[in-house]
Amino acid sequence: MIQILSEGDGKGMLLSMEHLTKVYPGGKTAVDDFNLEVEKGEFICFIGTSGSGKTTTMRMINRMLEQSSGTIKINGEDIAQMNPVKLRRKIGYVIQNVGLMPHMTIRDNITLVPKLLKWPVEKRNERAKEMIKLVELPEEFLDRYPSELSGGQQQRIGVIRALAADQDIILMDEPFGALDPITRESLQDLVKDLQEKSGKTFIFVTHDMDEALSLATRVVIMSYGKQVQVDTPDNILRHPANKFVADLIGQDRLIQARPSITTVGQVATKAISAREDQTLKQALGEMHTKRVDTLLVTNNEGKLTGFVGIERLNHYYGSGKRIGDIMDSNVFYVRKDSVIRDTVDRILKRGFRNVPVIDDDGKLIGIVTRATLVDIVYDALWGEADKSNSNDSGQTKETEDNPDKEAGKTESQAEVTQTTEDGDQK
Amino acid sequence: MINFFNQFGSQLIFKTWQHIYISGISLGLGVIVAIPLGVVLTRYKRISGFVIGLASVLQTIPAMALLAMMIPIFGIGAKPAIVALFIYSLLPILRNTYLGMENVDPTLRDAAKGMGMSNFQSIMRVELPLAAPVIMAGVRLSATYVIAWTALASYIGAGGLGDFIFNGLNLYRSDLILGGSIPVIILALVVDFLLGRLELLLTPKTTEEG
């Protein structure tokens, strides 16, 4: 299952890989028809089990390996036509075992590529100072040798060595694999920060899913040389392409990620509602049969216009008015594509027992109840999937309660794409 | 002793010079040929086994036989001796160069290449400096061998301190034997010491203190 995210001829793309295949002598296919377009400033993570071809793919980008077929273009230029040595000087390279030259000072290590590019000495020294500040190490370190630094410090130098000559693309091959978790985390933060500040393009190979999900703007999941899924971390968490991806992510992570990726629309349960033009008698009948004390009110197009509670209904009963006349139009609602994480606080703080959910057209598509939120929080905390995918309607038969009197205009800032949730009303 | 110096003093200095000259040139040629060859072999691993094997075979030829074999080709004198000793000096240097280069951490070779070093730059700036101690060990070993065997080269008329030893053997004069062999030993020790200092000099610093 190959997913080509963006079509096109690769123009304007910083890096484009087309139908890349690598067959090793002996017939083992390490990479099979790999396609990827990378824009400037992206942080791409290749992730997969060992032998999935992720490192092989990465090493073809700086021609440490030659592909068997397919093309790689950087800024539209086929790298097969370029001098490999010159190409590599334009591409930063960070490897798992750091690979600092033990017989060179930290300064010489940092400025290794600038020296190859024949920068003048002063400029090189200046760059070394600039760079070491970037990774929060003291300037005195410049005169030391790699063996005098800790593993984490060495890899910090390894990272800035790859940036020192203003390379546009930085390749990282499991750079933090050999570090302890605490050091690894601080380096991840550092790299993410450097990447965001510099706007450079990173290609990062890892087998650590947490690392991939927290660093990447897009994740390329590979298995046996094939791309399984290429997407943003959010989308991968939300829609794992298949069981392999889901397993790779892990059940725990999928559940824990739920509040931050699940949209309100996905968990909304069916709302009990009435139309504006219905009579109060009809409304009371509806309340009675559904055992609720509040009805949401929609117009004929299904748009949410207000709500009406039992007291008000009682007050006006027999006056011959329609629901639309007596309803309270001051209703708090959330949009279906806001994510749960952003919504929970708002719902809980205002003390609502439930909140109507509307789609982009303002149509009522359901409600989120406190019981739904409890399910999600429970799952996130206890990790148990509990079989309930918590988006089936009907598991919460709650009394419709009055969504208080407070003015409730909510605008959802979450711009994530939503799954289908038809807005049909009864 | 003083008697010996009075009688052979000037001769001793001359023969010592000859000895240094013959072994120095042989070793120098050995270094010039074996180190680059060893480096090249690391880039053509398929033939490395064959070449190092060949050098090992040459090493097994008895020194005396090899010297004698040079006579039909080069006649007698210093020239055949230098060629024979050169052949002897090859193997330790060649093997150590190859091993030293091979033992450089592959990560570093990968890093050097990935950074954009050409093959030549990788060799000169990374691999040779890091392999220097091992290569120098080979050179020191060769130097000791060559200085010792240069004494044998006197047999084919090359001169050197071996002249004293062979004369001493022929004339049953132990003072001549000792007068030849002791300087050879001293020479070997001094050269080894000097090369040891050179090795330290060539071994790259990896800590601030050195």
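Chain A is the first sequence line, chain B the second, and so forth, proteins listed ahead of strands; every chain is numbered from 1. Everything numeric in this text was worked out from a predicted model, so none of it was measured.
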Chain B interface, residue from [options] that has the most non-hydrogen pairs under 4.5 Å:
options	result
Pro102(A), Ser147(A), Pro84(A), Gly99(A)	Pro102(A)
Arg89(A), Arg144(A), Lys86(A)	Arg89(A)
Gln96(A), Met104(A), Arg161(A)	Arg161(A)

Flag if over 12 foreign heavy atoms under 6.0 Å of [atom1], [X]:
X	atom1	value
Lys90(A)	NZ	no
Ile76(B)	CD1	no
Glu185(A)	CD	no
Tyr145(B)	OH	no
Tyr21(B)	OH	no
Phe166(B)	CZ	yes
Met64(B)	CE	yes
Ile182(A)	CD1	no

Given a strict heavy-atom distance threshold of 4.5 Å, which part of [X] is in contact with chain A: side chain, backbone, both, or neither?
X	answer
Asp110(B)	both
Arg109(B)	neither
Leu130(B)	side chain

| field | Under 4.5 Å from any heavy atom of chain B - which part of Leu87(A) | value | neither
| field | Heavy-atom proximity to chain B below 4.5 Å, by part of Leu117(A) | value | neither
State, to 0.1 Å, how close [X] and [Y] come at their nearest heavy-atom pair, and which atoms those are.
X	Y	answer
Met115(B)	Leu116(A)	O-CD1, 4.0 Å
Lys113(B)	Arg88(A)	O-CD, 3.0 Å
Leu100(A)	Leu108(B)	O-CD2, 3.2 Å

| query | Does anything in residues 49-67 of chain A get under 4.5 Å of chain B by heavy atoms, and if so which residues? | reply | Arg59(A), Asn62(A), Met64(A)
| message | Just to be sure I understand the criterion: a residue of residues 122-132 of chain A counts if one of its heavy atoms is under 4.5 Å from a heavy atom of chain B. Which ones qualify? | response | none
| query | Do you know which of Pro129(B), Gly116(B), Ala112(B) has the most heavy-atom pairs with chain A at a distance under 4.5 angstrom? | reply | Gly116(B)
| request: Quick one: which of Asp105(B), Thr203(B), Val126(B), Asn119(B) has the most heavy-atom pairs under 4.5 Å with chain A, could you say? | output: Val126(B)
